[in-house]
Amino acid sequence: MPGNIRSVSFVWLVLVCLLFCSRLTSVGAAPICANAQAGCHVLSLANLFDRVIQHSARTHGISNDLHYEFEQYFLPSKNHIARVSRNCHTSSILTPNGKENAQRMAREELTEVILKLLVAWRDPLWHFHQSMAHHHDFNNFSSNKALEMSDMVHELRKGVEKVAEKMQVLGIISNTVSSLASPEASLPSDSAEWRLMKDYDLLYCFRRDSNKVQNYLKILKCRIVPEHGC
Amino acid sequence: MMRKVIAVILLVLLLFFTAHSTGNLHSPPGKPALTSCRSPEKETFTCWWKPGSDGGMPTSHALYYRKESSETVYECPDYHTAGENSCFFNKKDTSIWVNYNITVVATNALGRAFSDPVEIDVVYIVKPNPPEKVTVTVMEDKGWPFLRVSWEPPHKADTRSGWITLIYELRVKLEEDNDWEMHLAGQQKMFNIFSLRSGGKYLVEVRCKPDHGFWSEWSSTSYIKVPDYFHREKSAWILITVFSAFTFLILVWLLHMNRHNLKHCILPPVPGPKIKGFDKQLLKNGKSNEICSALVMPDFPPTASSNDDDLLVEYLEVYIPGEQELVLEESKDLHHGCLKSESSTSDSDSGRGSCDSHTLLTDKCGEAKEERRQTDQGCSQIRTEAQRRPKDALTYAHGDVVSSNMSSGRVKTWPSVFSPLPRYSPSPLDQQSSLQMAKQHSLSTSSYLTQPGHSAKEALGQSYRDFCLSGKQPHLLTPQTLVSRKLQAHSDVNISSIGLKRAPAGLRSPALRTTEYVEVQRVNNEDMVLLQPVVSGCGRMEGCFQVPQGEVYSKVKGVDSDNVLLLQREGMEEDRCPCVDQETNEGTGNCHTLNTVSNTRKPSACIYTAMPVEDEMAPIVNGYVDSANMCTLHTC
């Protein structure tokens with residue numbers, strides 16, 4: 001009996017391993033293939049851009065809704081004095097404030113700006129979501145939106161990185177785009193600023209920044225792959 | 001000093017008066033208000049304000065703004081481009097994603113007025129211009145037209161670089177309609193509109209909106225007229241109509257051609273009466289006489305020549321209730337026989353020939369149709385008569401009753417008819433008994449038959465036609481062998497003798513025991529009852545038919561003074577007499593009155609056999625059968 005059980009379990013283990021290994025190998029074969037190699041599922045740059053842009057549009061939409069709810073709920077007066085002195089923690093990032101400025105900016109720079117922005121907002125959004133979850137004043141809908149927003153920013157960042165990677169592969173942009181593996185490194189001083197921001201200001205700032213991201217991405221896309229919907 | 005004071009007072013008065021004279025009090029300007037700020041392409045923007053009261057003095061307005069995170073106050077660079085009370089910010093002065101804090105200040109000689117500050121971000125105040133170059137064309141899709149609307153974004157909005165993303169919306173309506181049909185086109189710059197009304201005139205307008213901004217105004221209306229394509233539809237309908245009309249005509253023509261068949265199919269002809277020999281036309285057009293005559297079948301009732309004598313009364317029960325009326329009683333079955341031709345068997349009363357009735361009134365019969373005894377009329381009449389005298393003592397001339405058997409047959413013998421005879425007369429007991437038996441047989445058949453009326457005796461005595469006169473005949477009219485046997489036993493009962501020679505009382509039933517059944521065929525116009533022996537009596541004879549021979553009959557010529565029924569034989573029917581005569585001979589001599597003819601009869605002469613009746617019955621043939629000849633009327 002024990003011999004049979006052992007053999008059976010061994011066989012079973014082998015099978016499971018084979019299964020997993022095959023999966024892993026298949027995953028390994030899934031990265032972006034350049035030049036449409038055989039067996040690769042190639043996503044064109046245009047498709048990537050579209051996906052990313054849609055992502056950013058959704059992110060901006062959520063932030064817009066949240067900001068509107070905040071405004072309705074907490075701050076009836078729009079002309080709050082405190083708003084004048086608002087200072088987003090991402091204001092140190094140089095972002096083009098106009099079309100000409102944005103068009104004048106190099107693709108790499110633009111891409112980098114986008115990435116910087118996205119990176120800068122990862123932690124604040126996460127904490128925002130945490131604070132909202134603990135706040136009993138907010139309903140679940142808002143809390144879920146905050147969580148979704150946080151996730152989406154994370155996904156968006158990944159997507160943009162993928163796009164940058166693809167562009168680099170395609171030779172569209174040079175390899176000067178930093179990997180940004182450590183976002184805190186670029187903004188060390190900002191690490192504590194966002195903690196001082198109130199939730200409302202945070203939402204306000206993020207709403208603007210998500211719009212910037214979306215816009216920059218569109219500009220990038222129409223500059224790089226203009227044939228699709230530009 | 002005084003002059004200064006006076007000058008000041010004068011000045012004040014002057015001012016007061018001037019102010020009073022003008023009626024207006026100068027005052028600082030009212031507070032202006034910023035109405036809106038809009039950017040058409042997210043690169044420039046304009047702000048408009050509404051000035052407050054000017055306070056009666058010329059007031060100037062100024063717009064000051066401050067950018068976010070900067071304390072520097074700038075004044076509006078352009079007050080004129082955008083019109084009055086506006087401030088236009090050009091590209092240089094416009095920063096996106098930057099908060100502007102704008103304030104308008106109204107100034108006049110007396111003071112200033114500050115408007116409420118407004119914070120704007122250009123990104124969120126974008127209201128593009130309406131789309132341009134809206135074109136509408138009619139195109140065809142598999143024969144059906146549709147509208148293709150195409151446009152271009154406003155030239156100021158830079159969508160090509162991706163700076164602005166616009167979504168479009170268009171609306172369509174017919175010229176005479178009031179409601180627009182809205183269509184959201186998204187980011188595309190072309191749209192197709194289907195389901196058009198042919199010949200209609202359409203109005204199309206387009207507008208656009210950035211991702212987050214305001215809708216533009218509607219573009220200028222484009223008019224388009226859809227061409228008439230109904231004729232194409234109509235031609236198809238015309239074709240269909242023509243085709244269906246053609247098919248309909250063909251169907252109608254086919255129906256017309258086959259209308260007879262259809263008529264037979266739908267309305268099958270009603271079968272008319274199918275009576276043999278019945279002439280419908282005659283019935284419709286003819287007179288009653290003709291009709292009646294037409295109804296009468298030529299060969300009905302069977303005449304003497306016919307063999308179907310069953311229609312006739314087999315035997316004849318003669319009953320004279322004093323009036324010398326011959327009462328012929330018939331059993332019901334006889335009536336049946338009479339009515340055979342009419343195929344009516346239910347009611348014994350129904351339409352029997354006069355001859356068939358039990359009580360046959362000779363006078364009536366005579367008066368009635370001679371030839372038409374068979375008619376129902378006659379029969380019924382007789383019948384009625386018969387029924388009317390149920391109580392009449394029926395003197396049954398017949399001997400034993402063989403009617404029982406007969407009753408089953410068509411012709412009913414009347415043994416019962418005769419059975420009472422013995423009763424009345426002090427006939428020998430044995431005879432009587434036999435007669436009784438016979439009578440009982442027949443009782444069942446005939447209702448009247450058992451009427452041993454006292455008067456019956458007389459009647460019997462007088463009116464036996466039947467007397468078969470062969471007197472004692474062993475064969476009764478009944479075809480039943482049994483009965484005839486019985487009769488035979490009582491052959492001595494000379495029925496005929498009873499009736500013939502004797503007085504009525506003398507039914508001498510015993511004499512009449514042996515009865516020979518005759519059936520009355522008819523009564524002719526001479527008041528003669530034509531009788532014929534019942535063939536059925538021959539049942540016991542070999543080869544004898546049960547059916548009494550209609551051919552052999554005797555007709556009653558009359559009753560003579562001796563109360564003898566004079567029978568007359570007619571035709572050359574089989575001579576039954578031989579049997580009878582022989583019997584009679586054997587008998588007690590009932591037949592003694594009979595002539596010798598009877599004696600010469602062959603015993604086995606079956607009534608039906610083709611005996612040369614004539615030869616033997618010569619006397620009979622000639623005429624009536626008198627008492628002596630009655631034997632010839634025997635029925636086997």
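What you see below is based on every heavy atom in this structure, not just the backbone, and it leaves out hydrogens, waters and symmetry mates.
Judged by a 6.0 Å distance limit and a 45° cone about the ring axis, R207(A) is positioned over the six-membered ring of Y124(B).
Using modelled atom types and a 3.5 Å distance limit, the side chains of D121(B) and Y204(A) yield no donor-acceptor pair.
When the shell of 6.0 Å around CG of D179(B) is examined, it contains 12 or fewer heavy atoms from other residues, nucleotides or ligands. Atom CZ of R38(B) has more than 12 heavy atoms from other residues, nucleotides or ligands within 6.0 Å. Atom NZ of K225(B) sits in a crowded spot, with more than 12 heavy atoms from other residues, nucleotides or ligands closer than 6.0 Å. Other residues, nucleotides and ligands contribute only 12 or fewer heavy atoms inside 6.0 Å of the CD atom of E217(B). For K173(B), the NZ atom counts as densely surrounded, since its 6.0 Å shell holds more than 12 non-hydrogen atoms of other residues, nucleotides or ligands. Counted within 6.0 Å of CH2 on W218(B), heavy atoms from surrounding residues, nucleotides or ligands total more than 12; the atom is thus considered enclosed. With a 6.0 Å radius and a threshold of 12 heavy atoms from other residues, nucleotides or ligands, E84(B) has its CD atom at or below the threshold. Under a cut-off of 6.0 angstrom, the local environment of CG in L94(A) is sparse, with at most 12 non-hydrogen atoms contributed by other residues, nucleotides or ligands.
Proximity to chain B (any heavy atom under 4.5 Å) is shown, for N101(A), by neither the backbone nor the side chain. Within the 4.5 angstrom heavy-atom criterion, atoms from both the backbone and the side chain of S161(B) approach chain A. K91(B) touches chain A through its side chain: at least one heavy atom from C-beta onward sits under 4.5 Å away, while N, CA, C and O do not.
Across all non-hydrogen atoms, the minimal contact from A102(A) to W163(B) is CB-CZ3, 4.4 Å.
Using a cutoff of 4.0 Å between basic side-chain nitrogens and carboxylate oxygens, E100(A) and K92(B) are not scored as salt-bridged. Contact check on K218(A) versus D211(B) returns a salt bridge, with a Lys/Arg side-chain nitrogen under 4.0 Å from an Asp/Glu carboxylate oxygen.
For the atom pair I164(B) CD1 and K99(A) NZ, the distance stands at 8.0 Å (nearest 0.5 Å). Rounding to the nearest 0.5 Å gives a distance of 6.5 Å between CD of E68(B) and SG of C88(A). Between K67(B) atom NZ and N97(A) atom CG the span is 8.0 Å, to the nearest 0.5 Å.
In this pair, Y216(A) and W97(B) present their aromatic rings perpendicular. The plane angle is above 60°, beyond the 30 to 60° band.
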Step-by-step side chain to side chain contact (heavy atoms under 4.5 Å, CB included) determination, Q103(A) to D158(B) = CA-CA 12 Å; Q103(A) 283 178 333; D158(B) 186 2; 4.1 Å; yes
